Amino acid sequence: MKKLILSLLVLTFTFGLASCGDVKEKIYINGNVEETIEVNTEFTDKGIVYPENYTLRKSGLVDSTKLGNYQIVYSVYSPDGELVKELNRFISVVDTTPPTYREKQNFELYAGFNYTAYDFIDYSDNYDSKITISPMNIYFNEKGQKQINIELKDSSGNTSTYSKTVEVKFDFVKLLEETYKDYPSKIHRTEDIQYTSVSFATGKSIAYFSNTESIHYLENVTTSLGKSAS
């Protein structure tokens, strides 16, 4: 009799284990356990498969507008309220899109002037409000054809490059006007002889004759030969 009771207990326990195992095999994730989505795109949770009359409790949210790693936990309970199985899904929100740019209208470029990347392009990015731009400051020290390469990089390391060959001019009068734009009274012009000069110190000035494209340094002096030197 004792052997019979023991056999029945073992059989019941074995049946219980088999039933629990069968149920667990019927609980599984739809789709991939690990997923990667692009930032600012919609995430669709494919959910899990589990038996009828069982209860699913899900925790965890995915914010597809922010980069990061997210986790969703699926907990399945039996009709008796017992936790039968717990599954996890891992979602990575990434940015793989490089910044884009729009070229501004062509304009004349001059040697000796300071420019920035914003003089040549406007940019936008699908995630970052600010990105790294290199070089930001652009300067030409001589005239001729010059190559511009401006790299745009976002916080995820995505890059795009604006490249263009430009023609740089040299205009001494414009250079004087740019240098002394905050002190316009220092610049003097005589149109009839195409003469432009700027006084940069007492008794000292620089003059440019556009008809001969010659630059003169002028200084007031007192000698037996005269009162000025060029």
Side-chain angles (χ1 to χ4, degrees), residues 28-49 56 58-74 87-184 187 210:
Y28 55 88
I29 283 183
N30 277 326
N32 298 320
V33 174
E34 296 183 359
E35 295 188 26
T36 300
I37 63 171
E38 188 75 9
V39 68
N40 294 322
T41 60
E42 184 179 357
F43 168 69
T44 301
D45 184 4
K46 298 180 179 65
I48 69 169
V49 175
L56 170 64
K58 185 175 74 171
S59 62
L61 296 173
V62 177
D63 187 351
S64 61
T65 65
K66 293 183 179 180
L67 301 180
N69 298 313
Y70 300 88
Q71 180 178 359
I72 296 178
V73 181
Y74 308 92
L87 301 172
N88 296 273
R89 192 191 303 274
F90 304 94
I91 302 94
S92 296
V93 179
V94 300
D95 176 16
T96 63
T97 305
T100 59
Y101 59 81
R102 180 182 62 84
E103 184 181 38
K104 292 187 176 180
Q105 293 184 348
N106 294 332
F107 59 96
E108 292 185 329
L109 301 170
Y110 294 96
F113 282 56
N114 293 312
Y115 299 96
T116 71
Y118 298 129
D119 291 319
F120 300 92
I121 58 173
D122 289 322
Y123 80 87
S124 61
D125 188 72
N126 65 318
Y127 183 73
D128 294 303
S129 58
K130 291 185 179 181
I131 64 174
T132 302
I133 301 177
S134 179
M136 174 56 74
N137 298 308
I138 300 171
Y139 178 83
F140 306 103
N141 57 10
E142 60 182 0
K143 67 179 182 179
Q145 286 193 338
K146 305 296 177 183
Q147 179 69 28
I148 298 176
N149 296 298
I150 302 174
E151 183 184 76
L152 299 89
K153 180 185 292 186
D154 63 21
S155 62
S156 296
N158 303 303
T159 62
S160 57
T161 303
Y162 168 76
S163 298
K164 186 175 184 178
T165 300
V166 297
E167 186 69 31
V168 179
K169 300 178 181 180
F170 177 76
D171 189 316
F172 192 72
V173 174
K174 287 185 178 295
L175 183 59
L176 288 178
E177 292 173 344
E178 174 67 17
T179 304
Y180 291 92
K181 60 184 177 182
D182 295 329
Y183 308 95
I187 299 177
S210 56

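In this text, all values refer to a predicted model and were calculated from it rather than measured experimentally.
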Atom [atom1] of [X] and atom [atom2] of [Y]: how far apart are they, to the nearest 0.5 Å?
X: R89; Y: F43; atom1: CZ; atom2: CZ; result: 6.0 Å
X: F120; Y: N106; atom1: CZ; atom2: CG; result: 10.0 Å
X: I72; Y: I29; atom1: CD1; atom2: CD1; result: 9.0 Å
X: N137; Y: Y118; atom1: CG; atom2: OH; result: 10.5 Å
X: K46; Y: N32; atom1: NZ; atom2: CG; result: 7.0 Å
X: L176; Y: I187; atom1: CG; atom2: CD1; result: 6.0 Å

Just to verify, what does [X] make a ring-ring contact (aromatic ring centres under 6.0 Å, His included) with, not counting sequence neighbours?
X: Y127; result: none
X: Y162; result: Y101
X: F170; result: none
X: Y70; result: none

Could you pull out the closest heavy-atom pair between [X] and [Y], with the gap in Å?
X: S160; Y: P99; answer: OG-O, 2.8 Å
X: Q147; Y: T165; answer: OE1-OG1, 2.6 Å
X: P98; Y: D154; answer: CA-OD2, 4.4 Å

Dump the intermediate steps for salt bridge (charged side-chain N to carboxylate O under 4.0 Å, His left out) on K104 and D122, then the final yes or no.
CA-CA 7 Å; K104 292 187 176 180; D122 289 322; 3.6 Å; yes
Check whether any side-chain heavy atom of [X] sits under 4.5 Å from a side-chain heavy atom of [Y], and report yes or no.
X: N69; Y: S92; answer: yes
X: I121; Y: I133; answer: no
X: I138; Y: K146; answer: no

T96 backbone acceptor or donor facing E38 side chain under 3.5 Å:
yes
Mark yes or no for whether D125, through its side chain, and D128, through its backbone, hold a donor-acceptor pair below 3.5 Å.
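Flag set: sc D125 to bb D128 pair under 3.5 Å.
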Evaluate the criterion salt bridge (charged side-chain N to carboxylate O under 4.0 Å, His left out) for residue pair E177 and K174; output intermediate values, then yes/no.
CA-CA 5 Å; E177 292 173 344; K174 287 185 178 295; 5.2 Å; no
Applying the side-chain hydrogen bond (donor to acceptor under 3.5 Å, both in side chains) test to N126, which of N158, T100, D95, N40 qualifies?
D95
K130: salt bridge (Lys or Arg N to Asp or Glu O under 4.0 Å) partners, not counting sequence neighbours
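Listed in chain order: nothing, the list is empty.
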Do Y74 and D45 pass the side-chain contact (heavy atoms from CB on, under 4.5 Å) test, and can you show the C-alpha distance, the side-chain angles, and the key distance before you say yes or no?
CA-CA 11 Å; Y74 308 92; D45 184 4; 2.7 Å; yes
Residue L61 excluded, over 12 heavy atoms near CG under 6.0 Å
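Incorrect, the count does not exceed 12.
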Between S64 and E42, do the side chains contain a donor N or O and an acceptor N or O under 3.5 Å apart?
no
Which class fits the ring pair F107 and Y115: parallel under 30°, tilted 30 to 60°, perpendicular over 60°?
tilted
Looking at residues at least two apart in the chain, or sitting in another chain, which of them share a side-chain hydrogen bond (donor to acceptor under 3.5 Å, both in side chains) with D171?
none
